[in-house]
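Below: the structure, in structure tokens.
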Number of protein chains: 2
Amino acid sequence: MTASDGDEPNGLRRTHRVTISDLARRLQISKASVSYALNGRAGVSDETRQRVLDLAEELGFHPNSAAVALSASRTRTIGIVIARDPALISTEAFYMRTLVGIEQYLNEVDASLLLRLTGEQGEDLDVLRRWSRQGRVDGFILFDEHDNDPRIPLLKELGIPCVVVSSNAPDDQAGRLISSPTETVTLLLDHLAALGHRDIAHISGPFMFVHERLRVQTLRELAADRGMTVRQLEGSYRYDDGAALTRQLLTGPNPPTAIVLGNDLMAVAALRVAIDLGTPVPGQVSIVAWDDSPLCELAHPGITAVDQKTMERGRAAADLLFRVAAGQDDIHEQAPAGELRARASSGPAAHR
Amino acid sequence: MTASDGDEPNGLRRTHRVTISDLARRLQISKASVSYALNGRAGVSDETRQRVLDLAEELGFHPNSAAVALSASRTRTIGIVIARDPALISTEAFYMRTLVGIEQYLNEVDASLLLRLTGEQGEDLDVLRRWSRQGRVDGFILFDEHDNDPRIPLLKELGIPCVVVSSNAPDDQAGRLISSPTETVTLLLDHLAALGHRDIAHISGPFMFVHERLRVQTLRELAADRGMTVRQLEGSYRYDDGAALTRQLLTGPNPPTAIVLGNDLMAVAALRVAIDLGTPVPGQVSIVAWDDSPLCELAHPGITAVDQKTMERGRAAADLLFRVAAGQDDIHEQAPAGELRARASSGPAAHR
DNA sequence: CTGAAAGCGCTTACAG
DNA sequence: CTGAAAGCGCTTACAG
């Protein structure tokens, strides 16, 4: 071993990292040849290449990522910056499942994820700017698109690729993995229509998110197509809010026979309120959720929801980002289709 | 602006990143002076320093992280590699809450997190080794310690600092943020003892985890101190398993009057099984969970659990890692204390 | 207080 | 097929 140790201030011994210079010296060839060999480029004989690879393996050589990044301007790292209330981030399995999906892909292509969870809006812009300027990442995956989302022009200005996990496809040159709300709305409405529901309510997430407004609009249109009416209430994704709005619906005049909730937490809240009010579920009111999750599965009765294939979607987003960054022309792609998970919280519409 | 654009293959215009050379040229000073000024080092007059800082601000200068990493051998990045089944990772809010806590700290000190979720055991060792050798991170935070955990000697050999989120304090030179099980066991047993429970059961997580075996042992000892008996069953953290073991307990001879579950998912399972068996909760059996979570809070009845202050613990772990990496001698630290959240799932012990 | 220079560990034209 | 050399953008002794 060429490894030589040096004593560090705190007594740690930092082992010498093997570099391409070490490999070159031991093999009596130039650093360039080593580099060519390692990177599968032309310029070395097969025999030399094999000798390099063997020695690299033997010595446990791994190229210094900073040096690669500096000279080749690629980091094999993608960035994700999430600007939601930490409390919400952790209650929603959504983000973690998406991350798992992304990681599956990154594992396969040996890339990495730089993650930042910033509480406040605005702070995320700073992080995007800083990471871009610092050359820390090759691109970003964006969630929770807003109206006139400032992140998209910012990243374009910074000249760094991105993929938006999106519900629509405006022509703004951003890469997009698109989950159209039409599909989920169709699944939910077909399910409810088949059960005889005509008068439903929708408690959405905040309208600041593009996807929430699109859901509202799509729900209205497709409900009309089926001769159904839909009341729309804007929620916050929070439990308390889902509970309060559901109470308002169920204790008001003409309560709906079914309620669609914008996320799992509000759906659990709706279920609880209905039960507490003595409103049978699904006898008197059906409860369905936009997103499936363990909460929906474990509730009692189980809550009917759409499995959005969150992990697969994360995977697909990462895959798309790499292709966009490599210069692929087609920057829009359809996300994997969701599937209805019918459970006990939805049943035949109550008779009036 | 000195910014000049170049056309990229895919039509993206990559803006020129401003470097210290740009700053030096514009200010007619050397790059060294710029570096000193930016890093708050001696070697420049206050006036020069201010001019540098002003221009850097004006041009939106951010130092290239690869260049800093290469020349200074620090990345301001910590690594986390989690090797658990993806399905489990996403159902447990634990990891996400921990990450949020860690991120809070990283935000404050402007450091970053490199994250990898590997499904399989063993693969995580490769990632630790690779990231170390590649110089990608300044240190690691480790979770889910095993017996004779190979990660700890590996990282020592690689000469890279780490902090183990730990339940004990062996003398192996690893940094440790310690949550002693004694504290949680005391909270749980005092609660149950006060309610008159004498005969309890514990469905733990897998014994491959050091903390689970420690919990079992501690529970046994402290229960004995209180004149209580405790039956121990090894679970897997999975819902199905929690359900099956609970069923076994409740339908067997001499069912316990209280069951302690090793995680939230198994606690929800236990609750469901008890209800389905017609065993009143807490009338006939009390259910308590080791870790609090939204699942416990939202269950009905709510499940008594210990709030392990997961976010604070994550924060503390990150903080400790930076101090350990900076050469602090005292590498062990106590994690923030947990708190009992008494809910409706626990009540007075049933009479025999 | 300031500057010229070497060096971190790679990649990449460019000559042979 | 191979090597010498420049360069990526910083930091850091070392001289002045």
Side-chain angles (χ1 to χ4, degrees), chain A residues 2-4 6 14-52 56 59-77 130-136 138, chain B residues 2 6 14-52 56 59-77 130-136 138:
Chain A
T2 59
S4 70
R14 195 144 201 127
T15 54
H16 172 74
R17 290 204 180 108
V18 17
T19 69
I20 58 169
S21 298
D22 296 327
L23 300 180
R25 192 177 332 111
R26 307 251 304 206
L27 295 171
Q28 309 268 49
I29 59 179
S30 72
K31 293 185 334 188
S33 300
V34 174
S35 177
Y36 293 145
L38 292 171
N39 293 308
R41 307 281 279 263
V44 282
S45 64
D46 287 348
E47 192 213 319
T48 305
R49 186 186 305 280
Q50 199 52 55
R51 288 175 57 218
V52 171
L59 298 185
F61 168 79
H62 292 279
N64 179 289
S65 62
V68 174
L70 189 56
S71 60
S73 298
R74 59 183 160 75
T75 61
R76 297 203 67 74
T77 300
R130 217 170 326 134
W131 283 2
S132 297
R133 293 259 169 84
Q134 292 175 339
R136 276 183 170 275
D138 291 340
Chain B
T2 60
R14 195 143 200 129
T15 54
H16 173 74
R17 291 204 179 109
V18 17
T19 69
I20 59 169
S21 299
D22 297 327
L23 300 180
R25 193 178 330 112
R26 306 251 303 206
L27 295 172
Q28 310 268 49
I29 58 179
S30 73
K31 293 185 335 187
S33 299
V34 173
S35 177
Y36 292 146
L38 292 170
N39 292 309
R41 309 280 279 262
V44 282
S45 64
D46 287 348
E47 193 213 320
T48 304
R49 185 187 305 279
Q50 199 53 54
R51 289 174 58 218
V52 171
L59 298 185
F61 168 80
H62 291 278
N64 179 290
S65 63
V68 174
L70 189 56
S71 61
S73 298
R74 59 182 159 75
T75 61
R76 298 202 67 74
T77 300
R130 219 172 322 134
W131 283 2
S132 297
R133 293 260 168 85
Q134 292 175 338
R136 277 182 169 275
D138 291 341

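Convention: sequence-line order gives letters A, B, ...; per-chain numbering from 1. Predicted model, so just to flag it, every value in this text is computed and none were measured.
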* To do: Sequence neighbours left out, what pairs pass side chain to side chain donor-acceptor pair (under 3.5 Å) with at least one residue falling in residues 32-44 of chain B?
  => B/S30-B/S33, B/S35-B/N39

* To do: Determine: side-chain N/O of A/S33 to OP1/OP2 of D/dC1, distance under 4.0 Å, yes or no.
  => no

* Structure fact -> Residue set satisfying side-chain contact (heavy atoms from CB on, under 4.5 Å) with B/Q28, at least two apart, ordered chain then number -> none

* Asked: Sequence neighbours excluded, which residues qualify as salt bridge (charged side-chain N to carboxylate O under 4.0 Å, His left out) partners of A/R74?
  -> none

* Taking CZ from A/R136 and C1' from D/dG9, how many angstroms apart are they, rounded to a whole number? -> 14 Å

* Taking atom P of D/dG9 as reference, at what distance in whole Å does atom NE2 of B/H62 sit? -> 16 Å

* **Integer-rounded Å distance: D/dC1 P and A/R51 CZ** => 15 Å

* D/dC8 C1' sits how many Å from B/L70 CG, rounded? -> 9 Å

* Which whole-number value in Å describes the distance from B/F61 CZ to D/dC10 C1'? -> 8 Å

* Asked: What does nucleotides 11-16 of chain C look like as a protein-contact string, B for base, S for sugar-phosphate only, - for none, at under 4.0 angstrom between heavy atoms?
  -> BBB---

* **Intra- and interstrand pairs of DNA chain D - dot-bracket, Watson-Crick/G-U under 3.5 Å, | marks other strand** => |||.||||||||.|||

* Asked: To the nearest Å, how far apart are B/R17 CZ and D/dG9 P?
  -> 9 Å

* A/T77: side-chain contact (heavy atoms from CB on, under 4.5 Å) partners, not counting sequence neighbours -> A/T75, A/S112, A/L114, A/V137, B/L114, B/R136

* Asked: Would you say a side-chain N or O of A/S30 is under 4.0 Å from OP1 or OP2 of D/dA4?
  -> no

* Asked: Could you give the CG-to-C1' distance, from B/D22 to D/dG9, as a whole number of Å?
  -> 10 Å

* **Side chain of A/N64 (C-beta onward), nearest among D/dG9, C/dT2, C/dC10** => C/dC10

